[in-house]
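Residues take their numbers from the sequence shown, with the count starting at 1.
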Amino acid sequence: MTEPSHPHDALFKETFSVPEHAAGELRAVLPPALVALTGFSTLSLCPGTYVDETLAGSESDLLFAVQVANKPALLYLLFEHQSSAPRLMPLRLLSYVVRILQRHVDDAAATQRDALPLPMVLPVVLHHGEQGWTAARRLEELFDAELVQAAAVGELIPRLGFVLDDLTSVSDAELESRALGLVPVLTLWALRDARSPVRLVRSIEHWATALGQLLAAPNGREALWTLFRYIAVVADESVTTTLAQALQTTQPQVKDALMTIAEKWIAEGEAKGRAEAKTDTLRKLLALKFGPVPEAAARCIALGTERDADRWLERVLTAATLDAVLDS
């Protein structure tokens with residue numbers, strides 16, 4: 001697996017492109033009355049994306065067709081991962097909804113069908129920014145409220161709301177209570193906590209059992225690899241160290257899985273063939289296995305040659321101590 005250019009998108013799409021996983025998330029966040037009317041067994045993924053190209057690095061989207069009260073509807077799941085809530089999100093969503101409806105109209109015209117009635121398009125925003133959502137949640141909030149009220153045009157301006165799942169404010173217990181299944185719930189945990197050493201160390205013990213269960217599930221090792229790979233890509237070195245420290249008290253099989261992942265990191269570092277890539281891989285592995293790397297060891301690694309890095313990488317999985325890895 002090569003390092004994705006947009007790792008948040010990659011993890012989001014790998015997990016929630018599966019209709020069963022998306023259905024669990026949607027059941028958890030949609031209004032209960034709507035959930036009761038929705039035939040989630042009919043949920044199917046629609047091809048294409050509606051995100052602006054200029055925003056492709058900060059948003060990703062999935063569109064699902066579904067029956068609501070036995071009538072066609074579309075559930076639009078937007079994954080937003082900027083560090084702050086965009087103030088114009090309702091306007092942005094309006095443009096996406098218009099694109100979806102226009103495609104419906106165009107498809108109807110191409111097949112000589114009646115485009116009316118238009119299908120409902122219900123936007124859901126999944127947010128995992130480092131801060132909680134503080135921006136508007138309805139399009140009408142973006143207009144000058146005093147002017148709208150004074151001119152009595154409230155019914156004439158466009159209106160659009162969306163369902164918000166702000167992961168920043170969702171606790172471990174609340175995530176677990178959603179009963180999403182191991183892969184989607186651990187995906188949401190990783191999206192929420194991977195970039196924060198404080199949140200990660202606070203939550204890892206809670207999720208250690210689930211990580212072990214995932215490892216034992218069919219295809220679980222590959223799913224666990226995907227999660228830890230995501231963490232390794234998006235986290236800074238302090239988060240990687242924090243994960244290593246927290247996992248010292250967790251299940252042995254999860255730590256064993258980490259070592260399997262470590263072997264893949266080594267292979268990737270060797271494939272890149274650059275001293276810098278290899279020493280970066282080495283630092284991550286040492287932090288995972290032994291905890292924080294002392295300053296003297298870090299200097300030794302920084303001054304080492306590519307040949308040194310190759311030798312240290314060969315030792316790291318079997319060595320019992322940090323000194324045994326770096327011993328000349």
Side-chain angles (χ1 to χ4, degrees), residues 9-52 59-80 89-128 137-140 158-167 170 174-188 191 218-219 223:
D9 295 352
L11 182 60
F12 166 74
K13 287 193 170 180
E14 181 162 347
T15 297
F16 293 107
S17 292
V18 179
E20 292 81 3
H21 294 168
E25 167 67 5
L26 292 166
R27 281 194 188 97
V29 300
L30 291 174
L34 177 57
V35 170
L37 292 173
T38 301
F40 284 102
S41 63
T42 68
L43 194 74
S44 62
L45 181 65
C46 301
T49 182
Y50 299 88
V51 167
D52 292 326
E59 292 175 3
S60 183
D61 62 343
L62 296 169
L63 180 67
F64 296 92
V66 72
Q67 294 286 312
V68 176
N70 296 317
K71 297 181 179 181
L74 297 167
L75 297 176
Y76 184 59
L77 183 57
L78 182 77
F79 177 55
E80 195 280 325
M89 178 56 79
L91 180 60
R92 195 178 299 172
L93 279 170
L94 177 62
S95 70
Y96 299 161
V97 170
V98 168
R99 290 182 195 177
I100 293 168
L101 292 175
Q102 187 61 55
R103 189 177 77 171
H104 166 80
V105 171
D106 293 343
D107 289 347
T111 55
Q112 298 183 332
R113 292 182 290 109
D114 190 353
L116 297 177
L118 296 174
M120 292 191 303
V121 183
L122 307 176
V124 178
V125 174
L126 176 61
H127 175 67
H128 80 140
R137 293 180 56 175
R138 302 192 64 83
L139 182 64
E140 49 265 42
R159 295 173 176 270
L160 176 75
F162 61 90
V163 175
L164 174 67
D165 186 12
D166 183 2
L167 293 178
V170 178
E174 289 171 326
L175 264 186
E176 202 165 34
S177 70
R178 292 183 178 183
L180 300 177
L182 287 171
V183 172
V185 76
L186 287 169
T187 293
L188 294 180
L191 290 170
N219 302 316

Visitor: Which residues satisfy the salt bridge (Lys or Arg N to Asp or Glu O under 4.0 Å) test with R178, sequence neighbours excluded?
Guide: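 For R178, the residues satisfying salt bridge (Lys or Arg N to Asp or Glu O under 4.0 Å) (neighbours in sequence not counted) are E25, D165.
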Visitor: Give the intermediate values and the outcome of ring pair (Phe, Tyr, Trp, His ring centres under 6.0 Å) for residues H127 and F79.
Guide: CA-CA 6 Å; H127 175 67; F79 177 55; 9.1 Å; no
Visitor: Which value, rounded to the nearest 0.5 Å, describes the distance between E176 atom CD and L188 atom CG?
Guide: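 Those atoms lie 12.5 Å apart.
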Visitor: Going by side chain to side chain donor-acceptor pair (under 3.5 Å), name the residues that satisfy it together with S60, two or more places apart in sequence or in a different chain.
Guide: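 Listed in chain order: nothing, the list is empty.
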Visitor: Quick one: closest heavy-atom pair of A73 and P119, and the distance?
Guide: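 Taking every non-hydrogen atom into account, CA-CB, 4.4 Å.
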Visitor: If you compare all heavy atoms of A65 against all heavy atoms of C46, which two are closest, and at what distance to 0.1 Å?
Guide: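 Looking at all heavy atoms of both residues, the shortest contact is N-SG, 3.6 Å.
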Visitor: For a side-chain contact (heavy atoms from CB on, under 4.5 Å) check, start with the C-alpha distance between L126 and L78, then their side-chain angles and the critical distance, and finish with the verdict.
Guide: CA-CA 6 Å; L126 176 61; L78 182 77; over 6 Å; no
Visitor: Could you go through L122 and L30, starting from their C-alpha distance and side-chain angles, then the distance that decides it, and tell me whether this counts as side-chain contact (heavy atoms from CB on, under 4.5 Å)?
Guide: CA-CA 10 Å; L122 307 176; L30 291 174; 5.5 Å; no
Visitor: Looking at A22 and L43, what are the two nearest heavy atoms and their distance?
Guide: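 So the minimum-distance heavy-atom pair works out to CB-CD2, 4.2 Å.
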Visitor: If I take atom CD from residue E59 and atom OG1 from residue T49, how far apart are they, to the nearest 0.5 angstrom?
Guide: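 E59 atom CD to T49 atom OG1 measures 9.5 Å (nearest 0.5 Å).
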Visitor: Can you list everything that forms a side chain to side chain donor-acceptor pair (under 3.5 Å) with R159? Sequence neighbours excluded, please.
Guide: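 With sequence neighbours excluded, R159 shows a side chain to side chain donor-acceptor pair (under 3.5 Å) to E140, given in chain and number order.
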Visitor: Taking only residues at least two apart or on different chains, which pairs with a member in residues 99-109 satisfy salt bridge (Lys or Arg N to Asp or Glu O under 4.0 Å)?
Guide: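 Found D52-R99.
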Visitor: Among residues two or more places apart or on two chains, list those pairs meeting salt bridge (Lys or Arg N to Asp or Glu O under 4.0 Å) that have a residue in residues 60-79.
Guide: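 Salt bridge (Lys or Arg N to Asp or Glu O under 4.0 Å) check on residues 60-79 returns no pairs.
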Visitor: Which heavy atom of F162 sits nearest to which heavy atom of P90, and what is that distance?
Guide: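 Shortest heavy-atom separation between F162 and P90 comes out as CE2-CG, 4.1 Å.
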Visitor: Ignoring hydrogens, what is the shortest heavy-atom contact between L94 and L160? Give both atom names and the distance.
Guide: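 Smallest interatomic distance, heavy atoms only, reads N-CD2, 3.5 Å.
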Visitor: Given the rule in the side-chain contact (heavy atoms from CB on, under 4.5 Å) test, do M120 and V68 qualify, once you have shown the distances and angles that lead to the verdict?
Guide: CA-CA 9 Å; M120 292 191 303; V68 176; 4.2 Å; yes
Visitor: Look at the side chain of T187 and the backbone N and O of T15, then say whether any donor-acceptor pair between them is shorter than 3.5 Å.
Guide: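 Not at all, since once roles are kept as given, no pair shorter than 3.5 Å links the two residues.
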Visitor: Find the distance between NE2 (H128) and CG (L191) and round it off to the nearest 0.5 Å.
Guide: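 That separation rounds to 5.5 Å.
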Visitor: Got V105 and L118 here, is their nearest side-chain heavy-atom distance under 4.5 Å?
Guide: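 Side-chain contact under 4.5 Å: yes.
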Visitor: Report yes if some heavy atom in the side chain of Y76 is under 4.5 Å from a heavy atom in the side chain of L93; otherwise report no.
Guide: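 Result yes, sub-4.5 Å side-chain heavy-atom pair found.
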Visitor: May I have the step-by-step check of side-chain contact (heavy atoms from CB on, under 4.5 Å) for I100 and L74, ending in yes or no?
Guide: CA-CA 9 Å; I100 293 168; L74 297 167; 3.5 Å; yes
Visitor: Quick one: ring-ring contact (aromatic ring centres under 6.0 Å, His included) pairs with a partner in residues 14-52, sequence neighbours left out?
Guide: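 Non-adjacent pairs meeting ring-ring contact (aromatic ring centres under 6.0 Å, His included): F12-F16.
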Visitor: Do you know the tightest heavy-atom contact between P31 and V163?
Guide: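 What the structure gives for the nearest pair is CD-CG2, 4.2 Å.
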Visitor: With a 3.5 Å distance limit and no angle check, can you tell me whether S17 reaches the backbone of E14 through a side-chain donor-acceptor pair?
Guide: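 No.
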Visitor: To the closest 0.5 Å, what do you measure between CG (L175) and CG (L180)?
Guide: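 Taking CG in L175 and CG in L180, the distance rounds to 7.5 Å.
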